[in-house]
Q: 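Below: one structure in structure tokens.
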Amino acid sequence: MEQNEGNNKILSINNIFGGYGGVNILNGISLYVKKREIVVIIGPNGSGKSTTMKSICGLVDIASGSIVFKGKEITNLRTDKITSFKIGYVPQENNVFSSLSVHENLEMGAYNKKKSKYDLKNSIEKIYQIFPPLKEKQKQSAMNLSGGQRQMVAIGRALMLDPDLLLLDEPTAGLSPKFTELIFDKVIEINKLGVSILMVEQNAKEALSFADRAYVLVMGKNRFEDTGKNLLSSEEIGKMFLGG
Ligand SMILES: Nc1ncnc2c1ncn2[C@@H]1O[C@H](COP(=O)(O)OP(=O)(O)OP(=O)(O)O)[C@@H](O)[C@H]1O
Ligand SMILES: [Mg+2]
């Protein structure tokens, strides 16, 4: 049983401690994502959600513990090596190149992979199928897009290398309810294409409503974990983390 569960996990983070410049921000985080799951991380500001996402991508010094992706240990490997194993990462901030066009931003998503012109065109066409507004705006500079469209570009760029796992750090931050819903619909659509999702979200109630499972992070530790539905209906979680 334990063995089967293990094989089913695309990502597992095992009791990691780490941070920046020798100061630990993560104080024993453990979490996992099973194949094809949508897993959500919620928690107060500064609790280490973004640091956890960065740690998966080799952007944080991990002092102890391990991170395993598709059965391979990736702890403290170089970022380009880690992403080449097919992890897509959309950071919380500065996730598009403002001075580049939509099309150029998508091309940048495949910059470290030698793709033929044909493959590149095909990959970008697939992104336009998921986000049709981007096709219309492909020649426009990313700085002229709305916040929602910029997030589409950021997600599209991360999808360029056909990731098996997509890491999304607050993809709906600052977006209107309409765009928030649209981005969530797209996340579900991308997941249905076979991509496992690990997503940090401030719009916790909405995110928990479609998450398979979720974790609540507090001060660099995962305090609660359960199915999205159970967390949503828990009085304690509601009072403490979902605004009553
Ligand atoms: N580059 C950095 N150097 C030093 N400390 C950092 C760095 N980035 C973040 N921190 C600190 O690490 C802690 C956790 O930050 P993190 O960004 O992971 O929190 P978060 O849960 O994502 O918060 P938010 O909800 O505001 O996005 C904070 O105290 C923050 O000040
Ligand atoms: Mg953050």
Side-chain angles (χ1 to χ4, degrees), residues 11-33 38-67 69 74-80 82-83 87-96 147-148 150-151 153-155 157-158 165-177 179-180 183-184 187 197-209 211 213-226 228 231-232 236-244:
L11 176 79
S12 64
I13 299 183
N14 310 303
N15 200 28
I16 56 168
F17 289 72
Y20 310 95
V23 180
N24 278 356
I25 301 293
L26 308 178
N27 298 302
I29 299 261
S30 294
L31 62 84
Y32 64 88
V33 179
I38 297 179
V39 175
V40 164
I41 300 176
I42 63 171
N45 293 124
S47 56
K49 304 182 297 296
S50 294
T51 305
T52 300
M53 300 296 251
K54 287 181 200 165
S55 74
I56 300 165
C57 300
L59 298 167
V60 169
D61 298 325
I62 299 168
S64 68
S66 69
I67 303 183
F69 179 63
I74 59 166
T75 324
N76 288 328
L77 292 185
R78 266 173 39 191
T79 303
D80 58 342
I82 292 170
T83 53
I87 296 182
Y89 172 44
V90 181
Q92 186 170 356
E93 278 155 354
N94 302 322
N95 55 20
V96 296
R150 259 204 304 275
Q151 282 298 343
V153 173
I155 297 170
R157 188 157 62 88
L165 173 69
L166 184 61
L167 308 173
L168 299 166
D169 195 345
E170 301 205 22
T172 68
L175 301 188
S176 66
F179 265 119
T180 296
I183 293 291
F184 283 157
V187 169
I197 308 272
L198 180 61
M199 177 171 76
V200 173
E201 256 305 325
Q202 294 279 14
N203 287 308
K205 278 187 185 165
E206 290 87 339
L208 290 179
S209 73
R213 292 183 307 106
Y215 293 86
V216 184
L217 254 59
V218 181
M219 298 204 296
K221 279 187 179 182
N222 43 305
R223 276 273 299 276
F224 302 94
E225 62 176 284
D226 211 328
L231 288 173
L232 209 47
E236 190 183 13
I237 299 294
K239 270 199 200 126
M240 285 169 74
F241 303 105
L242 306 175

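Scope of the values below: all heavy atoms of this structure, side chains included, with no hydrogens, waters or symmetry mates. Just follow the structure's listing: the first ligand is 1, and inside any ligand the first atom is 1.
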Q: Are Thr172 and Gln151 close enough that a side-chain donor and a side-chain acceptor fall under 3.5 Å?
A: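 Absent: no donor and acceptor within the cut-off.
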
Q: Leu242 versus Ile42: any side-chain heavy-atom pair under 4.5 Å?
A: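 Of all side-chain heavy-atom pairs linking Ile42 with Leu242, at least one is under 4.5 Å.
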
Q: Can you find a heavy atom in the side chain of Thr52 that is under 4.5 Å from one in the side chain of Tyr215?
A: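 SC-SC contact between Thr52 and Tyr215 ruled out.
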
Q: Taking the side chain as every heavy atom from C-beta outward, state whether Ser50 and Val200 have any atom pair closer than 4.5 Å.
A: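 Counting from C-beta outward, Ser50 and Val200 never come under 4.5 Å.
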
Q: With a 4.5 Å limit on heavy-atom distance, are the side chains of Leu168 and Ile183 in contact?
A: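 Not in contact.
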
Q: Listing by chain and number, which residues have a heavy atom under 4.0 Å from ligand 1?
A: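 Lining ligand 1: Tyr20, Ile25, Pro44, Asn45, Gly46, Ser47, Gly48, Lys49, Ser50, Thr51, Gln92, Glu170, Gln202.
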
Q: How many N, O or S atoms of the protein are nearer than 2.8 Å to the Mg ion (ligand 2)?
A: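 Considering protein N, O and S only, the Mg ion (ligand 2) has 2 within range.
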
Q: So, Asp226 side chain and Leu231 main chain: donor-acceptor pair closer than 3.5 Å or not?
A: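 Side chain of Asp226 to backbone of Leu231, a donor-acceptor pair under 3.5 Å: no, none is there.
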
Q: With side chains defined as the heavy atoms from C-beta onward, is the minimum distance between Ile82 and Phe69 less than 4.5 Å?
A: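 Ile82 does not reach Phe69 side chain to side chain.
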
Q: Are Leu166 and Ile155 packed together at the side-chain level, in the sense that at least one heavy-atom pair is separated by less than 4.5 angstrom?
A: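 In short, these two side chains touch, coming nearer than 4.5 Å.
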
Q: Please examine the side chains of Leu208 and Glu201, heavy atoms only from C-beta on, and report whether any two atoms are closer than 4.5 Å.
A: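 Of all side-chain heavy-atom pairs linking Leu208 with Glu201, none is under 4.5 Å.
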
